[in-house]
Participant: 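Pasting a structure below so you can have a look.
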Amino acid sequence: MSDILVSDEGSVRIIRINRPEKKNALTLPMYTAMADAIGAATKADAVRCLMLAGSPTAFCAGNDIGDFIAMAQSGALGQPILDFLYALVRSEKPVVAAVNGNAVGVGTTMLLHCDYVVAGTGAKLSTPFVGLGLVPEAASSLVAPRLMGQARAFALLVMGQALSAAEAREAGIVNALCDPGETDATALAAAQRIAALPAQGVLLSRRLMRGAPDEIIARIDEEAEAFKARLKSPEAQAAFMAFMSRKK
Ligand code: COA
């Protein structure tokens with residue numbers, strides 16, 4: 001079965017990360033599949049809202065660490081990662097997310113670009129970039145301080161302090177909490193409420209609220225340059241090797 005599942009529930013397009021055996025860590029082909037699905041939804045009039053979802057026990061464990069090692073060796077940050085981030089930021093359709101379990105790294109930073117986030121009470125959001133020898137990505141260095149204030153963004157992005165679902169809601173990056181068994185249904189209901197609104201009103205309101213994406217795209221690119229350099233750092237190499245060879 002595919003690692004990214006795309007399906008429609010009425011006018012809601014659901015993009016589900018489906019690699020539970022690896023806690024939904026994202027490989028380059030998975031980023032490409034998600035970017036393509038978002039791009040196609042933007043062009044499809046029948047799609048009025050997107051929903052990002054994961055598995056019952058994991059939303060997304062971030063980038064696949066094996067891919068990070070390969071990228072460090074090749075010296076290039078995978079273009080599919082950037083293509084996914086650009087597609088998410090440029091999406092003209094509202095994006096709802098349903099989060100259960102761990103959302104790590106890009107699993108958390110992608111949420112900062114969503115319009116409505118539902119989290120199961122056991123969800124945990126974390127961005128261990130700096131501890132891994134890396135820097136924040138997905139324009140989180142720009143967007144997180146705006147959304148949650150500098151102090152909370154520093155604790156999350158630099159100190160790597162995880163947020164529980166309740167803390168994420170308190171910080172303003174999660175809209176609603178629910179029982180973990182209800183997360184997908186709650187998010188889908190929210191997506192359907194959005195989809196039922198006048199489409200042009202939603203489109204224009206969203207554009208007004210978000211402004212032009214240029215600044216965010218520029219920050220994604222700026223972070224990517226620093227990220228690429230950090231991937232090769234001794235700290236990052238040591239962290240990746242420690243993860244790959246850890247004993248359970
Ligand atoms: N890249 C590659 N494989 C990953 C992964 C990742 N980012 N995250 C998890 N996996 C794999 C594990 O290696 C393990 O594979 P195995 O069964 O073949 O050994 C499997 O997924 C299950 O992970 P496990 O760690 O046993 O699950 P857990 O419930 O104990 O912990 C996490 C879940 C998400 C907390 C933990 O896997 C983790 O910290 N992952 C790394 C997250 C990360 O640093 N991402 C990069 C951020 S920039």
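All ligand and atom numbering here is 1-based and tracks the order in the structure. Numbering starts at 1 and runs along the sequence shown. Values below: all heavy atoms of this structure, side chains included; hydrogens, waters and symmetry mates excluded.
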Participant: Is L132 touching ligand 1 with its side chain, its backbone, both, or neither, if touching means heavy atoms under 4.0 Å apart?
Facilitator: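 For L132, the contact with ligand 1 is made by the side chain alone.
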
Participant: Any idea which atoms of ligand 1 are less than 4.0 Å away from a heavy-atom of A25?
Facilitator: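 In order of numbering, the contacting atoms are 1 (N), 5 (C), 6 (C), 7 (N).
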
Participant: Kindly confirm or rule out an N or O of A61 lying under 3.5 angstrom from an N or O of ligand 1.
Facilitator: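 By distance alone, the answer is yes.
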
Participant: Check each atom of ligand 1 against the heavy atoms of E21 and keep those under 4.0 Å away; list them by number with element.
Facilitator: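 Selected atoms, number and element: 20 (C), 21 (O), 22 (C).
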
Participant: Where is the tightest heavy-atom contact between A87 and I38, given as atom of each residue plus distance?
Facilitator: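 Closest pair (atom of A87, atom of I38, distance): O-CG2, 3.4 Å.
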
Participant: Please determine whether salt bridge (charged side-chain N to carboxylate O under 4.0 Å, His left out) holds for the pair D64 and K22, giving the CA-CA distance in whole Å, both sets of side-chain angles, and the decisive distance to 0.1 Å.
Facilitator: CA-CA 9 Å; D64 187 280; K22 295 290 181 188; over 6 Å; no

Participant: Indicate, as side chain, backbone, both or neither, the part of R19 found under 4.0 angstrom from ligand 1 when only non-hydrogen atoms are considered.
Facilitator: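 It is neither part, as no heavy atom is under 4.0 Å.
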
Participant: With R146, which residues qualify under salt bridge (charged side-chain N to carboxylate O under 4.0 Å, His left out), at least two apart?
Facilitator: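 In terms of salt bridge (charged side-chain N to carboxylate O under 4.0 Å, His left out), with neighbours along the sequence ignored, R146 is linked to E215.
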
Participant: Report, in ascending order of atom number, the atoms of ligand 1 lying under 4.0 Å from any heavy atom of R246.
Facilitator: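 What qualifies from ligand 1 is 12 (C), 13 (O), 14 (C), 23 (O), 24 (P), 25 (O), 26 (O).
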
Participant: Could you work out, with side chain to side chain donor-acceptor pair (under 3.5 Å) as the rule, every residue matching N18, not counting sequence neighbours?
Facilitator: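 Result, side chain to side chain donor-acceptor pair (under 3.5 Å) vs N18: none returned.
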
Participant: Determine, considering heavy atoms only, which of E137, K124, K22 sits nearest to atom 9 (C) of ligand 1.
Facilitator: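 The nearest heavy atom belongs to K22.
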
Participant: Are any of the N/O atoms on I65, whether in the backbone or the side chain, positioned under 3.5 angstrom from an N/O atom of ligand 1?
Facilitator: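 Indeed, backbone or side chain, I65 has an N or O that close.
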
Participant: With a 4.0 Å cut-off on heavy atoms, is M244 in contact with ligand 1?
Facilitator: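 Under 4.0 Å: no for M244.
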
Participant: Tell me whether N102 has any N or O atom under 3.5 angstrom from an N or O of ligand 1.
Facilitator: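 Between N102 and ligand 1 (N or O atoms, distance only) the closest approach is not under 3.5 Å.
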
Participant: How about D67 and T27: does a side-chain donor come under 3.5 Å of a side-chain acceptor?
Facilitator: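 On atom types as modelled, these side chains do not qualify, holding no pair under 3.5 Å.
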
Participant: Can you list the ligand 1 atoms lying under 4.0 Å from a non-hydrogen atom of F129?
Facilitator: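 Answer for ligand 1: 48 (S).
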
Participant: Parallel, tilted or perpendicular, judged at 30° and 60°: which one describes the rings of F129 and F227?
Facilitator: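 The rings of F129 and F227 stand perpendicular, inter-plane angle above 60°.
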
Participant: Between R152 and E167, is there a salt bridge with N-O shorter than 4.0 Å?
Facilitator: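 A salt bridge is absent here (no side-chain N lies under 4.0 Å from a carboxylate O).
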
Participant: Is any side-chain N of the basic residue among R210 and D115 closer than 4.0 Å to the acidic one's carboxylate O?
Facilitator: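 Salt bridge: yes.
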
